[in-house]
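Index from 1, following the sequence. The structure displayed is predicted, hence computed values, not measured ones.
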Amino acid sequence: MAKNKMKKTNTIHFGIQRKIVANMTTESWANVPHVTYNYEPDVTEFMIEYKRLNEDCPPEKKVTLNTLMLKIIVEGLKADPIMNSHIEFDRKLVRGEIHTFENIDISMPMVLPNGEMMTINLHNFENKNLDEMVAYIADVNRRVANTNLDEVMFDVSLDNTLTALKQGKIKQTLYRLIGSKTGKHKVKTLSGKEKSNYYKIPEKDRLTKHDIEQGTITVSNIGSVYRAQRGETCLLEIVPPQVCAIAVGAVQDKPVVVANEAGEKEIAIRQVMPLCIAFDHRALDFGEIVPFIKRLDEIFAAPEIIHTWRSTGISEEHMAEIKVEREQREAKYEQSKEREKARKEAEKAAEKARKDAEKARKDAEKAERDAAEKAEKARKDAEKAERDAAEKAKKAEEKVKKEAEKARKDAEKAERDAAEKAEKARREAEKAKIDAIAKAEKAKRDAEEKARKESEKARKEAEKAKAKAAEAKAKAEKARKAAEEIKTDKAEKAAQKAEKEAKEAEKEAEKDEAIAEQTEKKANNK
């Protein structure tokens, strides 16, 4: 399956202005450890004085808010000079230097008439008053109209390339020459007669590389690009070797915590101008920008000082009047806050009274509902008690009936059990009688059988005894005959012995016959 390809609508190759910006910002984020702090001063009174500053001024003399903020930043840098510095740092050797400058040269991005952005170096603003700043910026705008931006930027780029070459950065120099002089990315500058005519313009009437070279600090007025914005800058690049950059935001209404005359803190809607201060952590810590912030706090707390920054200055009487007016405004503001507070308290009290009345009404309605609910509950309880009593009586009656029925059934059961037991006893007696008769019959049969067997046994034993006696008589007779036949003494003795044995045999035979007769009698008796 073929991959979906994104369709290009246009391709723009970097011009020299975009190349310079891309190179400087890349170097910034690659080498500078950034720290940013968002400063949000209350400029409500300051904006009033700013409007007063331009009263009765011709258009060409009017001070823009951008110019006034540049002057305030200059005053802050005077109180905190180290922010107006450049840094040199060798990471390999871990060696560094911070160079602080007396002159304050502000690198300020400006939107040109053709819509492009160019950073202009506003030189030596440390000693200029507001009118001199206005005139300087107006002159820059005048000279911009006669300036070929690509040409002047190329001069700066060439100067940077030559500086890099002097520092031994040969590879970087070659890459820059290839990138700016070859292919589709070639930088187009003036040539021939066009170039000759351009450089005939006096330098006082056009911008030169001196006007866009590196300043001591960069200040960007983000608020002037879109005044209706409701955000603020949180991060911006520091252009090395500078150690600071400041972004000025648009004036915005914001909720601010203020203290009233009683010293109580409350929330008020005030005008706030957010400033983002970025600094190079290799050169500065947060504590080193505190003097700058404190100086700005002083100016915004007593903004009438801005009237002293004009060429004409301001009289002490006028300054005192302005101060009194500011104090009166602040007093009116406090009074308005008190009135607002009283109004809110009255509204709060009225709301509380309304809520109390509503609560009392609801409590009364609740009490009425509770009474009705209690009465209804009592009625339902009485009805329930009546139902319970009837139910209990009914249950008691049913219980008596059940118990009587149970007693009747128990009596019937006892009667049936007695009859069954009597019948069972009768059957058992009959069975016992039958069993006794059967046993007597069996005993009689067993006795008769036993007597028969014993009689038979005695008879057999008697016959056996008679046979034995007959045998003994036969032996005796045999012995007698044998004795008669023997004539010698020995024979005589033998005959005597045989005779004796014959007599004993006869006695034994007689005895056996007697036993046999007794046995036969016993058998017959049985």
Side-chain angles (χ1 to χ4, degrees), residues 37-52 65 223 226-234 249-276 293 297 300-304 322-399:
Y37 170 72
N38 285 0
Y39 170 57
E40 294 187 341
D42 184 340
V43 296
T44 307
E45 289 297 322
F46 168 78
M47 291 303 293
I48 293 172
E49 293 305 323
Y50 165 63
K51 291 178 182 178
R52 186 198 299 273
L65 185 58
Y226 178 43
R227 293 181 182 177
Q229 64 179 278
R230 287 295 174 265
E232 58 188 73
T233 303
C234 295
V251 177
Q252 304 169 37
D253 290 336
K254 286 191 175 183
V256 177
V257 178
V258 297
N260 57 28
E261 291 179 348
E264 299 169 339
K265 291 182 180 180
E266 57 186 31
I267 302 295
I269 302 300
R270 305 285 285 178
Q271 288 184 300
V272 172
M273 180 187 291
L275 279 77
C276 179
I293 297 170
D297 282 343
F300 291 127
E304 55 269 14
I322 292 173
K323 188 174 181 181
V324 169
E325 286 182 13
R326 178 171 61 80
E327 290 174 349
Q328 288 175 347
R329 280 197 307 275
E330 289 176 351
K332 286 181 180 179
Y333 173 66
E334 292 298 331
Q335 290 172 2
S336 67
K337 286 198 297 183
E338 289 297 322
R339 286 195 299 272
E340 181 65 15
K341 184 179 178 182
R343 183 184 66 78
K344 287 182 178 178
E345 287 178 351
E347 287 180 353
K348 188 176 178 181
E351 180 66 14
K352 185 176 182 300
R354 185 188 67 76
K355 287 181 178 178
D356 289 344
E358 181 67 15
K359 184 175 181 298
R361 182 185 65 78
K362 288 181 179 179
D363 288 345
E365 289 178 354
K366 184 176 182 299
E368 186 178 350
R369 284 197 304 273
D370 290 346
E373 287 173 0
K374 285 179 181 178
E376 181 65 15
K377 186 175 180 299
R379 183 185 65 78
K380 288 180 179 179
D381 289 344
E383 289 178 354
K384 184 175 181 299
E386 186 178 351
R387 285 196 304 272
D388 291 345
E391 186 71 20
K392 284 180 181 179
K394 184 178 179 181
K395 285 181 179 180
E397 185 179 354
E398 289 177 353
K399 185 179 179 183

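- Atom-to-atom distance recorded for Lys380:NZ and Glu373:CD is 9.5 Å, nearest 0.5 angstrom.
- Here the CD atom belonging to Gln252 is positioned 8.0 Å from the CD atom belonging to Glu40, to the nearest 0.5 angstrom.
- With a 6.0 Å radius and a threshold of 12 heavy atoms from other residues, nucleotides or ligands, Glu398 has its CD atom above the threshold.
- A 4.5 Å side-chain heavy-atom check between Cys234 and Asn38 finds at least one atom pair inside the cut-off.
- Under the rule for a side-chain hydrogen bond (donor to acceptor under 3.5 Å, both in side chains), the partners of Glu351 that lie at least two apart in sequence or sit in another chain are Arg354.
- Under the 4.5 Å side-chain criterion, counting only non-hydrogen atoms from C-beta, Met47 is in contact with Leu65.
- Put simply, CG on Asp253 and CD on Gln271 are 5.5 Å apart, with the number rounded to the nearest 0.5 Å.
- In this structure the side chain of Tyr37 reaches within 4.5 angstrom of the side chain of Ile293, judged on heavy atoms.
- Across all non-hydrogen atoms, the minimal contact from Pro274 to Ala250 is CD-O, 3.3 Å.
- Aromatic ring orientation, Phe46 versus Phe300: perpendicular (interplanar angle above 60°, classes split at 30° and 60°).
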Worked check of salt bridge (charged side-chain N to carboxylate O under 4.0 Å, His left out) between Arg52 and Glu49: CA-CA 5 Å; Arg52 186 198 299 273; Glu49 293 305 323; 3.1 Å; yes

side-chain contact (heavy atoms from CB on, under 4.5 Å) assessment of Val257 paired with Ile267: CA-CA 5 Å; Val257 178; Ile267 302 295; 3.7 Å; yes

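- Here Arg369 contributes atom CZ and Asp363 contributes atom CG; the two are 9.5 Å apart, rounded to the nearest 0.5 Å.
- The number of heavy-atom neighbours closer than 6.0 Å to CD of Glu358, taken from other residues, nucleotides and ligands shown, is above 12.
- Ionic pairing of Lys384 and Asp388 is present here: one or more N-O contacts between side-chain nitrogen and carboxylate oxygen are shorter than 4.0 angstrom.
- With values rounded to the nearest 0.5 angstrom, Thr44 atom OG1 is found 11.0 Å from Met273 atom CE.
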